Amino acid sequence: FLSTKLVVMYAKCRSLREARKVFDEMPQRNAVSWTTMIAAYAKHGKAEEALKLFNEMKENGVEIDSFSFASVLPACSKLGSLDQTKRVHEEIRKRGIEDNVFVGSGLVGTYVKCGSLEDARNVFDKMPEKNVVSWTAMITGYAQNGKVSKARKLFDKMPERNVVSWNAMLAGYVRNGIVDQALRLFVKMPERNVSSWNAMIGGFSQSGDVKTALEFFEKMPSRDVISWNTMISAYAQNWDFNEALNMYRQMQEAGVQPNSATFASALPACANSAAVQQGKEIHDDFRRSGLGRNLFVGSALVDMYAKCGSIEDARKVFDKMPERNVVSWTAMIGGYAMNGNGKEALQLFKEMQRSGVKPN
RNA sequence: GGUAACUCAAA
């Protein structure tokens, strides 16, 4: 069908809305159009929507194949619910497609992100054929959960490696604070991409070596938005707030489109230096960016206004947030406490508990 | 014609 191709096209051009419009108006939807929409939502981080569509697909009696499962698994990863993932896994088993390498690798990664290394390893061991993606997903599982040597054993054992596998191992060393090993890999790897460089910059930043982080940033062949965000964070987290804001400005001059992480990285620099004027400018930039509301940016804004003493503005942002978690609540409550308004702080604390958010 | 793995962010 022609409209199926249209949905695919719009989804590829990352125009979710347009794709959905065509999808909704289609006279007949097949497995391809359903899967395309599910994958598009998952890619945009809209996990609930992806799962909703997946369930609707089942209700409509459309056949769910390995493509559909592999597409919905990233949404399960984002939700992080082990129960949800086990339910999907059960459906996969029932349909007898757990041997598919895309489905298997997806399951490994999803179990990792739901915090169950055991289930991940189980699926991994049972896979009749593994490819570089399956191996890399398993390595990431160990590497990101404090088991670097297990990760390294797998890494050395895997039949073939690509740049992503090298990056996964490198990131594992970084995550566990072993920057020298990360650097050793970085030097040794047969090819590097922008992610490899970004990971190293993050590693140096994490160990407090902003100087070397900057050297790598300047030396790398090309920089993407993550490179810039990492440097902004590097300065902000190492108490050089002016340089953080400087990087933010340079990024704009370089014509790089900021994303939500950019704002969430730059705002703490204003918060911690009580730079309310710059904070307001960044708030304006965010509104003008056309990026949708974001939990991280919302919390960073609340914290920025609160720490700058503009408690009213903090509350305005807080009230407009569509979703709040313990970080947003804590930022707001802390703001009132700092302001000497213990009464309002206490009241909000109770309100937070009433809304089902647990303090930590 | 649709699918899986790596790097950045808030109290």
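Just so we're on the same page: letters track the sequence lines, and every chain starts at 1. Given the structure is predicted, the values throughout are model-derived calculations rather than measurements.
In this structure, the CD atom of Q206(A) is 12 Å from the P atom of rU7(B), given to the nearest Å. Counting to the nearest Å, the P atom of rC6(B) and the OH atom of Y173(A) are 18 Å from each other. Here rC8(B) presents its C1' atom at 16 Å from CZ of F204(A), a figure rounded to the nearest Å. Taking atom CE of M247(A) as the reference point, atom C1' of rC8(B) lies 13 Å away to the nearest angstrom. I226(A) places its CD1 atom 5 Å from the C1' atom of rC8(B), with the value rounded to the nearest Å. Between the P atom of rC6(B) and the CE atom of M138(A) lies a distance of 13 Å, rounded to the nearest Å. Between I232(A) atom CD1 and rC8(B) atom P the separation is 15 Å, expressed in whole Å. Per the geometry, CD1 belonging to I201(A) stands 13 Å off P belonging to rA9(B), to the nearest Å.
Across all strands, T36(A) comes closer than 4.0 Å only to sugar-phosphate atoms, never to a base (heavy-atom distances). Using a 4.0 Å heavy-atom distance criterion, K113(A) is classed as a sugar-phosphate-only contact. Among the protein residues, N100(A) comes within range of no part of the nucleic acid, since none of its heavy atoms lies under 4.0 Å from any strand. Here T230(A) lies in heavy-atom contact (under 4.0 Å) with sugar-phosphate atoms only. Within 4.0 Å (heavy atoms only), D224(A) reaches no atom of the nucleic acid at all. Heavy atoms of N272(A) sit nowhere under 4.0 angstrom from any nucleic acid atom. Nucleic acid contact class of N294(A) (heavy atoms, under 4.0 Å, all strands): base. Residue A261(A) is in base contact, counting any heavy-atom pair closer than 4.0 Å across all strands shown. At the heavy-atom level, A31(A) lies under 4.0 Å from base atoms of the strands shown. Within the nucleic acid shown, S66(A) comes within 4.0 Å of at least one base atom, counting heavy atoms only. Within the nucleic acid shown, A264(A) comes within 4.0 Å of at least one base atom, counting heavy atoms only.
Put simply, K5(A) has no side-chain N or O that comes within less than 4.0 Å of OP1 or OP2 on rG2(B). Within the 4.0 Å cut-off from OP1 or OP2 of rA10(B), at least one side-chain nitrogen or oxygen of Q237(A) is found. Dashed line: the shortest gap from a side-chain N or O of K130(A) to OP1 or OP2 of rA4(B) is not under 4.0 Å.
Side-chain contact check for D303(A) versus P268(A): every heavy-atom pair is 4.5 Å or farther apart. The closest side-chain heavy-atom distance from Y142(A) to R121(A) is below 4.5 Å.
Nearest nucleotide to the A199(A) side chain, out of rU7(B), rG2(B), rA4(B): rU7(B). Distances were taken from every side-chain heavy atom of F67(A) (C-beta onward) to each of rA5(B), rU3(B), rA9(B); the shortest belongs to rU3(B). Side chain of V164(A), nearest nucleotide from rA5(B), rC8(B), rG1(B): rA5(B). Of the candidate nucleotides rA11(B), rA10(B), rC6(B), rC6(B) has the atom nearest to the side chain of N167(A). Side-chain proximity of V32(A) to rC6(B), rA11(B), rG1(B): nearest is rG1(B). For N229(A), the listed nucleotide lying nearest its side chain is rC8(B); candidates were rA10(B), rC8(B), rA9(B). Distances were taken from every side-chain heavy atom of A168(A) (C-beta onward) to each of rC6(B), rA4(B), rC8(B); the shortest belongs to rC6(B). Listed nucleotides: rU3(B), rA10(B), rG1(B). Nearest to the side chain of A70(A): rU3(B). When the nucleotides rA10(B), rA5(B), rU7(B) are ranked by their closest atom to the side chain of P268(A), rA10(B) comes out on top.
Two rings, from F54(A) and F69(A), have their centers less than 6.0 Å apart.
Taking a cutoff of 4.0 Å between a charged side-chain nitrogen and a carboxylate oxygen, D65(A) and R95(A) do not qualify as a salt bridge. Under 4.0 Å is where a charged nitrogen must lie from a carboxylate oxygen, and between K21(A) and D24(A) no such pair does.
In this pair, F216(A) and F204(A) present their aromatic rings tilted. The plane angle is within the 30 to 60° band.
Heavy-atom neighbours of R184(A) CZ from other residues, nucleotides or ligands within 6.0 Å: at or below the threshold of 12.
Just one of V103(A), T110(A), V108(A), I92(A) meets the side chain to side chain contact (heavy atoms under 4.5 Å, CB included) condition when paired with V123(A); it is V108(A).
Side-chain N/O atoms of N131(A) and base N/O atoms of rA4(B) include a donor-acceptor pair closer than 3.5 Å. Side-chain N/O atoms of N162(A) and base N/O atoms of rA5(B) include a donor-acceptor pair closer than 3.5 Å. The base of rG2(B) is not paired with the side chain of N30(A) by any donor and acceptor separated by under 3.5 Å. Judged by distance alone with a 3.5 Å cut-off, no donor-acceptor contact links the side chain of S265(A) to the base of rA9(B). A donor-acceptor contact under 3.5 Å is not formed by the side chain of S71(A) with the base of rU3(B).
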